[in-house]
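Labels below follow one simple rule: chain letters A, B, ... track the order of the sequence lines, proteins then strands, and each chain is numbered from 1. We use all heavy atoms of the structure for the numbers below, so side chains are in, but hydrogens, waters and symmetry mates are not. Model, not experiment: these values are computed from the prediction.
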Amino acid sequence: MAAGTAVPAEVRLERPRDPQHGDLATGVALQLARPLKKKPRDVAQAIVQQLDAPQGLVSKVEIAGPGFINFWLAEEALSNVLVTILEQGAKYGRRTAHPPQRINVEFVSTNPTGPLHVGHGRGAALGDAFAALLEATGHEVTREFYVNDAGLQIERLARSLWARIQQAVGRDAGIPEGGYHGEYLAELASEVLERESPAFADLPEREAIDRCREIAVRHGLEDQTRDLEEFGVRFDLFYSETTLYQEQGIEKTLAELERRDLLYERDGALWLSTGAHGDAKDRVLRKQDGSYTYFLPDIAYHLTKRDRGFHRAIDVWGADHHGYVPRMTAAMKALGLPEEFFHAEIVQLVRVMRHGEEVRFSKRSGEFVTLRDLFEETGVDAARYFFLMRRGDAQFIFDIDLATKQSEENPVYYVQYAHTRMAGIFRTGGLEPTSISAEGVDLSLLSEDVEQDLIKQLGQYPSVVEGAARALEPHRIVAYLEEIAQHVNAWYHHHRVLGSDPPLERARLVLARASQIVLANGLSLLGVTAPERM
RNA sequence: GCCCCUGUAGCUCAGUUGGAUAGAGCAGCGGUUUCCUAAACCGUUGGCCGGGUGUUCGAGUCACCCCAGGGGCACCA
């Protein structure tokens with residue numbers, strides 16, 4: 001540095017809000033002024049004089065305001081953006097990581113005890129987008145669904161089904177305490193009797209309930225999987241809790257906890273000392289009655305993620321589980337896993353509005369909004385887009401009326417429409433989009449303000465993806481795409497592509513193609529289609 | 001009582017991890033169509049960033065204290 005002294009300062013180039021402040025700017029001189037005991041503008045002056053700006057990249061450098069250094073990109077830099085986008089195509093905005101991490105993204109993970117509701121939909125859309133973002137930044141991602149197919153809830157489900165079967169053959173059987181009253185179990189009961197045989201109802205209870213458990217779980221999971229697939233979410237792995245038990249996960253976990261001296265007995269229960277690792281208190285793993293709390297299999301399950309070679313485990317949990325985060329974090333820490341291994345991403349509540357009033361979630365009244373109801377009404381694209389357009393950690397009101405509106409009020413169509421228009425240009429021009437090349441094209445003809453702005457924005461796509469992946473915030477992609485769409489639509493409206501002077505037409509075709517690629521790539525990260533026509 | 005999330009335009013929300021004069025969409029108001037799709041475009045109205053104190057060259061952003069809304073507290077899952 002100028003003074004020859006080592007002054008710690010991070011040189012961050014950022015994009016100013018105001019275009020009058022250049023394409024890139026840094027406030028580093030302001031940070032350095034105090035330690036150097038100089039005026040900020042003098043520091044900036046010194047920096048600029050020593051600056052070794054590569055030719056062809058920066059066209060102008062200016063010191064402004066209290067001491068900001070502003071840079072303007074040269075035209076050649078802008079042309080390079082377009083060349084890069086066309087060359088890389090669907091890979092534009094994706095990078096390799098060195099080294100790539102193996103990341104497990106676990107989401108939805110609900111009991112197979114009934115249909116998925118809108119809250120699961122939000123978790124599914126977000127989890128899938130997290131996975132897509134991490135893949136785009138070069139990591140190897142596994143999308144995983146933890147199937148809670150053991151435990152008390154499943155026992156209740158099995159007993160409820162058994163009761164429905166008894167009812168179906170005319171016997172007086174009540175749904176057990178805490179059981180499932182949903183109509184679909186009654187339907188499943190008749191199905192079972194039909195498929196198996198009426199004699200199923202006469203099986204000894206123990207055997208029957210085991211069979212019921214298996215049938216109910218398989219059926220519930222199939223329903224959920226079908227909904228998710230239609231919603232565009234595919235999992236790489238369904239990890240069954242039962243498997244965990246079969247593979248002695250519990251015993252192994254207890255042994256490991258024991259080895260690390262993290263367990264103790266008190267009041268007839270077995271405790272894990274999470275309190276010493278950031279949790280508010282220690283937690284029980286084995287109750288007085290000898291059964292395990294859910295915490296133990298959860299720890300065991302997460303240890304399998306380590307043992308299966310993952311560097312990171314990202315869990316997407318509903319807001320009702322957020323109190324669970326500190327204890328799981330503490331458990332992972334106590335087990336010596338690195339801080340970044342476990343991360344729980346909390347998805348806040350979804351409320352649904354229709355015709356200006358809130359649709360209540362009530363299984364009893366039957367006004368239960370399932371995920372399927374939702375996407376059948378709004379379409380998958382709109383549903384996914386809406387779930388992703390807001391930060392996941394804030395409560396969200398899903399406005400069904402807005403999502404189903406096929407008009408300018410609906411943001412999902414706004415972005416898709418911009419893509420459609422680009423596709424329309426190529427269709428009308430009889431051109432194969434993939435054949436568009438920047439080779440030999442004079443891109444400096446793209447001199448309109450809106451064109452310059454659009455190119456600069458297209459060039460930011462990789463860093464937007466990077467930031468969204470780092471923060472696990474897909475809504476940044478949404479916001480970015482809406483900006484691109486805005487520029488694309490304005491450009492399209494004011495300037496013709498087809499029929500311009502041939503050199504200009506060629507240049508504009510390149511810009512149209514680049515815009516189409518970025519819109520398609522971004523929408524793909526969100527799991528939303530990029531239609532050719534609408 | 002303790003912990004977490006949220007509070008920014010009439011509504012729904014962004015705000016680049018402390019930068020320059022706080023933004024968008026919708027709603028409202030006024031315009032644009034012989035033209036690659038008007039699901040679009042152009043213009044315009046609208047702000048005590050919940051309140052307060054502090055940290056510093058600089059705070060919507062960070063710290064602390066209040067206020068309001070939501071969620072969570074277990075030897076439930």
**Q** Considering every strand and a 4.0 Å limit on heavy-atom distances, what is the contact class for A:Asn70: base, sugar-phosphate, or nothing?
**A** base
**Q** Provide a list of protein-nucleic acid N or O atom pairs under 3.5 angstrom, restricted to nucleotides 3-9 of chain B.
**A**
{"from": "B:rC5", "atom 1": "O2'", "to": "A:Asp393", "atom 2": "O", "distance (Å)": "2.6"}

**Q** Quick one: the side chain of A:Arg470 and the base of B:rU17, do they pair up donor-acceptor inside 3.5 Å?
**A** yes
**Q** Under a 3.5 Å limit for both distances, which nucleotide forms a Watson-Crick or G-U wobble pair with B:rU44, could you say?
**A** B:rG28
**Q** When both hydrogen-bonding distances must be under 3.5 Å and the geometry is Watson-Crick or G-U wobble, what is B:rA63 paired with, if anything?
**A** B:rU53
**Q** Check whether any side-chain heavy atom of A:Val415 sits under 4.5 Å from a side-chain heavy atom of A:Leu523, and report yes or no.
**A** yes
**Q** Is any side-chain N of the basic residue among A:Arg286 and A:Glu265 closer than 4.0 Å to the acidic one's carboxylate O?
**A** yes
**Q** Is A:Arg213 salt-bridged to A:Glu155, cutoff N-O under 4.0 Å?
**A** yes
**Q** State which residue, out of A:Thr110, A:Val108, A:Asp298, fulfils the side-chain contact (heavy atoms from CB on, under 4.5 Å) condition with A:Tyr146.
**A** A:Asp298
**Q** Using whole Å, what does the distance between atom C1' of nucleotide B:rC35 and atom CZ of A:Arg421 come to?
**A** 12 Å
**Q** Residues two or more places apart in sequence or in another chain: which of them pass salt bridge (charged side-chain N to carboxylate O under 4.0 Å, His left out) with A:Asp399?
**A** none
**Q** In plain terms, say whether A:Arg508 and A:Glu505 are close enough for a salt bridge, that is, a side-chain N and a carboxylate O under 4.0 Å apart.
**A** no
**Q** Which part of the nucleic acid, if any, lies within contact of A:Gln288, taking any heavy atom under 4.0 Å across all strands shown: a base, the sugar-phosphate backbone alone, or nothing?
**A** base
**Q** Which residues in residues 484-502 of chain A have a heavy atom closer than 4.0 Å to any atom of RNA chain B?
**A** A:Gln486, A:Asn489, A:Ala490, A:Tyr492, A:His493, A:His494, A:His495, A:Arg496, A:Val497, A:Leu498
**Q** Regarding A:Arg327, tell me which of base, sugar-phosphate or nothing describes its non-hydrogen contacts under 4.0 Å with the strands shown.
**A** sugar-phosphate
**Q** Under 4.0 angstrom, heavy atoms only, what part of the nucleic acid is A:Asp399 near: base, sugar-phosphate, or nothing?
**A** nothing
**Q** Are any of the side-chain heavy atoms of A:His277 and A:Met332 separated by less than 4.5 Å?
**A** no
**Q** Using a 4.0 Å heavy-atom cut-off, does A:His321 contact any base of the nucleic acid, only the sugar-phosphate backbone, or nothing at all?
**A** base
**Q** Just name whichever nucleotide pairs with B:rU16, Watson-Crick or G-U, keeping both distances under 3.5 Å, else none.
**A** none
**Q** Under 4.0 Å, heavy atoms only, any strand: does A:Thr420 hit a base, just the sugar-phosphate, or nothing?
**A** base
**Q** At under 4.0 Å between heavy atoms, what does A:Gly151 touch on the DNA or RNA strands: base, sugar-phosphate, or nothing?
**A** nothing
**Q** Could you please name the partner base of B:rC36, counting Watson-Crick and G-U wobble pairs only when both distances are under 3.5 Å?
**A** none
**Q** Quick test of your reading of the model: are A:Arg391 and A:Glu473 salt-bridged, counting only N-O distances below 4.0 Å?
**A** yes
**Q** Looking only at side chains, do A:Asp381 and A:Gln416 share a donor and an acceptor under 3.5 Å apart?
**A** yes
